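Everything below concerns the one structure shown next.
The model shown is predicted, which means the values in this text are computed figures rather than measured ones. In what follows, every chain begins at residue 1, and chains take the letters A, B, ... in the order their sequences are listed.
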Amino acid sequence: MSTADLECVDLTKQFGNFTAVDDVSFTVPAGSFFSILGPSGCGKTTIMRMIAGFLEPTSGDILIRGRSVLDVAPNKRPVNMVFQHLALFPMMNIEGNIGYGLRRRGLAKPEIARKVDEALERIGLPGIGKRKVDELSGGQKQRVAIARCMVMEPEVLLLDEPLGALDLKLREHMKIELKTLQAAFDTTFIYITHDQSEALVMSDQIAVMNEGRFEQVGTGRELYYRPETAFVAGFVGEANRWRGRVTRAEAGELQLATEAGLTFAGTDHGRGLAVGDQAEIFVRPEAIRIAHAEGDVAHLENRMTGRVTSLLFNGAASRAMLRPETGGDEIEVTLPQSGEFADLGRDDTVHIGWEGAQANAFSAGGS
Amino acid sequence: MQAGAKLGFILLISPLVLWLGLLIVIPHVDMFLVSIRERIGVGQYQTSFANYMAFFGEPLYIITFIRTAMMSILATVITLLIGFPVAFYIAKIAKGRLQSALFLLCLVPFWVSELVRTFGWMILLRETGLISKFLQWSGLADQPVEMLYNDVAIMIGLVYTSMLFMVVPLITTMESLDDSVIEAGYDLGGNGASVLREIIIPHAMPGIVSGSIVVFMLSLGNYLTPTMLGGKDSLWFTELIYSQFIVRFNWELGAAFGFMLLFLSSVIVWGTLKLTGQTLKSTMG
């Protein structure tokens, strides 16, 4: 028997004619942090609500530790959920909130009190049991919401964009904290988000979802460096993109001509593009080398000369927008942090280049 | 500027002061003064509590008084029991157009006057009424059935008249309850009963209390419904007040009855608030 905590098999959900979740299958190993990443409306919340039991799948099966839970009511499933707006019970104090599930299980009072104290200790907020929900800060509520689920010792914990309501600084902090809590409780987390940085930082495995389907499942690293579809390449991380046609194809090494008349070397990573195919080409801003002297980029397959049209200062992620001399769309290039481009100004001319292996080409449907 | 603001304040506050003063404070002070005087001869009065003594000395008055209170409490409870699921359905289950349509349906009966509505019940319940006819036609009764002029008829009338005043505050409080809080209740192992008890009712408590207060006051002070639907044995306290003022022209005793009713409603409302741990402030927002 596999050690998968959660397994979804051919899961489909239709609302009338609209297919929200389309034949999705995935397996989440025990104790891992699994994220479903996708734009809003892609069906990720629908999947989560089906796992929690609030929605019934149109077809397919959901197995928790190898047992189908389809005919198990939400209040009996070994799954708990941290809601988007946390949904703490405002009519109870913190103790009441955390102890709610235990009371439902019919545990004895001293037992409940002990477990609640333990949970509060674990989330680093001892002694707040008597406080009211609205007396807590956003981050504290967050932790209470997780503790409220974790006292139930669920086999799977579902989190539905729980960081959405927090401000940026706190969100960054909670990312690390969630990961730590997951390790501390040693429970499988299924995390839903539209924020790629949340998914990339915390997850062991990420599923990128679009229009009801999983585009790709993999580690953050795989998604980032080896996107399998054009959607993933565009959605995870930043990318410059061109549309073009394959003019030469040799064992994955492609020659492409863009609509604006540029010629690129690219690679299809085994997707089997053939001569004449329409292709979408993605190049990450940080994969592009930038140099003052033309000779510095001479060894790279794709080279261009361009003028700086604007500089986007953003600390370590500062970028420059370049307009190539040969024409075409602006190109975004990450500036190295070594300081040699600190004095780069508008209208300066620079040379850029990138390896053919960094230009990811995808079939652009049809053709 | 300062003087202008002051004038504005006076203009804004004066309708309220006039309203309270002319229609509530002054009549009540006068009523109280009337209630504590005793007629000892033609045009001769002296201050005494004789009218209140008369109230406590006559079992009919006391029995009617207690009966009115009990029936009003019962009417409030029944209205709450019927109104709560209705309000829950409208606030939480019905969506979009259905929601507004249902809400409108609650409102529609109040477009006609209370008198007409009560006549409606008489048409249904009287000996030659619709229900009686139906029972005879279907063979469940072999002679006309009189369903008017008893306590049940009064109760039906009171509950019907008060329903809107219970449903509206309940809908308002329940709409403010986030659906995901209810879902969280289920998710953490609660069933329908425990979610209702621990989450929905505590959340709706301000609505329950304010709705109950309004319905109780309306029932206690109702005159039309008990008069038209009630029989000889179903005397309502307001009918006693009416007969003292209008029929017997004994304003002194009528005023004393009026004050007893005011006292009764205040005590019961205060007691209910204490009992449910609510304050008037949290209930009225």
Side-chain angles (χ1 to χ4, degrees), chain A residues 45 48-55 69 72-93 96-107 112 116 119 132-133 141 144-154 156-162 164-165, chain B residues 80 84 87-89 91-98 169-212 272-273 275-285:
Chain A
T45 300
M48 182 149 285
R49 293 176 65 80
M50 285 194 283
I51 299 172
F54 295 125
L55 282 177
V69 292
V72 180
N75 52 357
K76 300 273 192 293
R77 289 195 189 186
V79 168
N80 289 118
M81 181 153 169
V82 177
F83 287 81
Q84 192 162 10
H85 301 290
L86 307 180
L88 293 175
F89 305 130
M91 59 294 285
M92 304 173 199
N93 61 14
N97 263 281
I98 299 179
Y100 173 87
L102 301 172
R103 287 202 300 281
R104 294 284 76 77
R105 275 193 192 160
L107 265 64
I112 294 175
V116 169
K132 284 193 184 143
V133 170
K141 282 185 197 165
V144 169
I146 292 169
R148 184 176 73 171
C149 290
M150 295 317 297
V151 289
M152 304 293 290
E153 289 159 12
V156 175
L157 182 68
L158 306 170
L159 301 103
D160 185 6
E161 302 199 29
Chain B
L80 178 62
F84 195 88
F88 183 79
Y89 188 86
K92 286 283 139 210
I93 299 172
K95 295 274 175 271
R97 289 175 62 134
L98 180 63
L170 283 179
I171 289 179
T172 316
T173 48
M174 280 199 238
E175 269 185 336
S176 69
L177 180 64
D178 193 350
D179 286 350
S180 64
V181 172
I182 298 175
E183 280 177 357
Y186 281 108
D187 185 59
L188 292 163
N191 52 30
S194 66
V195 168
L196 183 70
R197 193 180 64 242
E198 291 216 30
I199 295 166
I200 298 171
I201 291 181
H203 181 88
M205 209 55 194
I208 293 175
V209 172
S210 65
S212 298
T272 316
L273 285 173
L275 213 66
T276 54
Q278 300 280 317
T279 61
L280 210 54
K281 193 165 161 258
S282 74
T283 309
M284 298 302 163

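- Legend: residues meeting side-chain contact (heavy atoms from CB on, under 4.5 Å) with B:Thr172, ordered by chain and number and at least two apart, are B:Val168.
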Worked verdict on A:Met91 versus B:Met205 for side chain to side chain contact (heavy atoms under 4.5 Å, CB included)
CA-CA 10 Å; A:Met91 59 294 285; B:Met205 209 55 194; over 6 Å; no

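- Looking at every heavy atom in both residues, A:Tyr100 comes nearest to B:Gly190 through OH-CA, 3.8 Å.
- Rounding to the nearest 0.5 Å gives a distance of 9.0 Å between OG of B:Ser180 and CZ of A:Phe54.
- Atom NZ of A:Lys132 is surrounded by 12 or fewer heavy atoms from other residues, nucleotides or ligands within 6.0 Å.
- Counting heavy-atom pairs closer than 4.5 Å to chain A, the top residue among B:Leu188, B:Asn191, B:Val181, B:Val195 is B:Leu188.
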Scan the side chains in residues 76-90 of chain A for donor-acceptor partners under 3.5 Å anywhere in the protein, sequence neighbours excluded, and list what turns up.
from    : atom 1 : to       : atom 2 : distance (Å)
A:Arg77 : NE     : A:Val69  : O      : 3.4
A:Arg77 : NE     : A:Val72  : O      : 2.9
A:Arg77 : NH1    : A:Met50  : O      : 2.9
A:Arg77 : NH1    : A:Ile51  : O      : 2.9
A:Arg77 : NH2    : A:Val69  : O      : 3.0
A:Arg77 : NH2    : A:Val72  : O      : 3.2
A:Asn80 : ND2    : B:Asp187 : O      : 2.9

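- For the set A:Gly101, A:Ala73, A:Cys149, A:Pro154, the count of heavy-atom pairs under 4.5 angstrom toward chain B peaks at A:Gly101.
- Here the closest heavy-atom approach between residue A:Arg104 and residue B:Gly189 is recorded as CB-O, 3.7 Å.
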